[in-house]
Amino acid sequence: KPLGDRVELADLPLREDLRGRTPYGAPQLDVPVRLNTNENPYPPTPALVAEVAREVALAAEQLHRYPDRDAVALREDLAAYLADATGVPLTGRNLWAANGSNEILQQVLQAFGGPGRTALGFEPSYSMHPIIAAGTRTEWAPAPRRADFSLDTGRAAAVVAERRPDVVFVTSPNNPTGQSVPTEDLRPLIEAAPGVVVVDEAYAEFSSRPSAVGLIGDYPEKLIVSRTMSKAFAFAGGRLGYLAAAPAVVDALLLVRLPYHLSVLTQAAARAALRHADETLASVAKLAAERDRVMAELAGLGFDVVPSDANFVLFGWFEDARAAWRSYLERGVLIRDVGITGHLRVTIGTPEENDAFLAASKEVGR
Ligand code: PMP
């Protein structure tokens with residue numbers, strides 16, 4: 001028995017507003033086919049692994065010193081990657097990095113949200129947005145999507161104009177539903193926003209749509225584009241998220257970030273991984289093709305499939321999604337119950353994993 005286990009959570013002098021809340025909890029289960037957290041199923045190439053190991057060994061010689069607090073070299077590398085990927089001229093001063101884009105989003109809410117302020121998001125969307133809002137004591141304002149889960153941007157702009165939130169989240173492609181918002185449709189929404197608009201582009205590399213990064217020049221006082229190396233970049237374990245925005249936005253985040261938040265090891269590993277971006281991202285086209293195959297085969301089995309522009313697919317309809325989720329698990333396939341009635345979400349894996357998922361789908365039925 002662990003020391004002190006006679007004390008329970010309810011006994012602690014916890015903030016009232018955190019009582020009764022549930023933590024983020026995607027199950028981490030050891031099963032043969034894990035298709036539940038939207039990672040890239042392909043492990044890093046041997047060349048990437050060797051370079052990360054080499055760079056981390058070099059960095060280890062400096063472990064007695066604090067890291068570069070502002071991660072200048074890493075931000076330059078991220079800017080070069082993102083400028084190349086989007087065609088938008090960016091410098092290191094337009095970039096900021098943290099331990100996953102979750103930390104990026106937390107810093108954004110620490111600086112632009114907080115007590116007395118409101119953040120608005122279009123649900124269903126990424127479950128961490130309201131959780132990070134709660135942690136930073138930012139009031140959460142949920143707004144709806146259409147019944148088919150797409151975003152009615154005209155209506156969204158009207159809601160933003162009426163509610164006047166300090167922070168607006170737009171996830172594109174949206175997790176867990178998969179659709180992207182066309183960049184031009186974001187303009188009225190951004191123009192209606194009195195505060196900042198965070199476009200969460202965690203899955204952008206999988207999308208056929210241009211990035212919202214192209215709008216930063218037009219809305220430098222409002223637009224923040226959040227990205228991550230956890231998905232297409234196959235670096236979820238490395239924990240590296242980033243944003244692109246005007247340099248003044250980065251100045252604001254410097255006020256709330258913890259000093260030395262990005263370790264020497266993280267910075268070295270991320271830079272090494274970025275040097276292999278081309279070979280890592282070669283998997284994106286394969287995954288997009290597999291996504292299209294999985295969508296078509298699910299539809300062929302009679303499921304309702306929500307069109308996806310990302311590396312996951314939301315599908316239904318299940319009388320009892322929870323029971324169906326368990327049936328998949330019994331067949332060695334871990335997918336995700338995201339709490340949307342009648343639906344489950346599957347991450348696109350390797351062709352063999354997708355085959356296992358589709359075989360299970362035939363058995364689970366609807
Ligand atoms: N945004 C979205 C939309 C996500 O789906 C995720 C991961 N599930 C994240 C942000 C955070 O990922 P990370 O912290 O690994 O960058």
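In this text, all values refer to a predicted model and were calculated from it rather than measured experimentally. All ligand and atom numbering here is 1-based and tracks the order in the structure. Position 1 is the first residue of the sequence, and the numbers go up from there.
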Residues 41-50 side chain polar contacts: donor-acceptor under 3.5 Å, at least two apart:
{"residue": "Thr45", "atom": "OG1", "partner": "Leu48", "partner atom": "N", "Å": "3.2"}
{"residue": "Thr45", "atom": "OG1", "partner": "Glu279", "partner atom": "OE2", "Å": "2.3"}

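The backbone N or O of Val72 sits nowhere less than 3.5 Å from a side-chain atom of Asp70 that would complete a donor-acceptor pair. Between the side chain of Glu353 and the backbone N or O of Gly349 there is no donor-acceptor pair closer than 3.5 Å.
Not counting sequence neighbours, the partners of Asp251 by the side chain to side chain contact (heavy atoms under 4.5 Å, CB included) test are Leu254. Looking at residues two or more places apart in sequence or on another chain, you find no side chain to side chain contact (heavy atoms under 4.5 Å, CB included) involving Ala158.
Pocket lining of ligand 1, defined as residues with a non-hydrogen atom under 4.0 Å away: Gly100, Ser101, Asn102, Tyr126, Thr171, Asn175, Asp200, Ala202, Tyr203, Thr228, Ser230, Lys231, Arg239.
A salt bridge links Glu363 with Arg331: the distance from a Lys NZ or Arg NE/NH1/NH2 to an Asp or Glu carboxylate oxygen falls below 4.0 Å.
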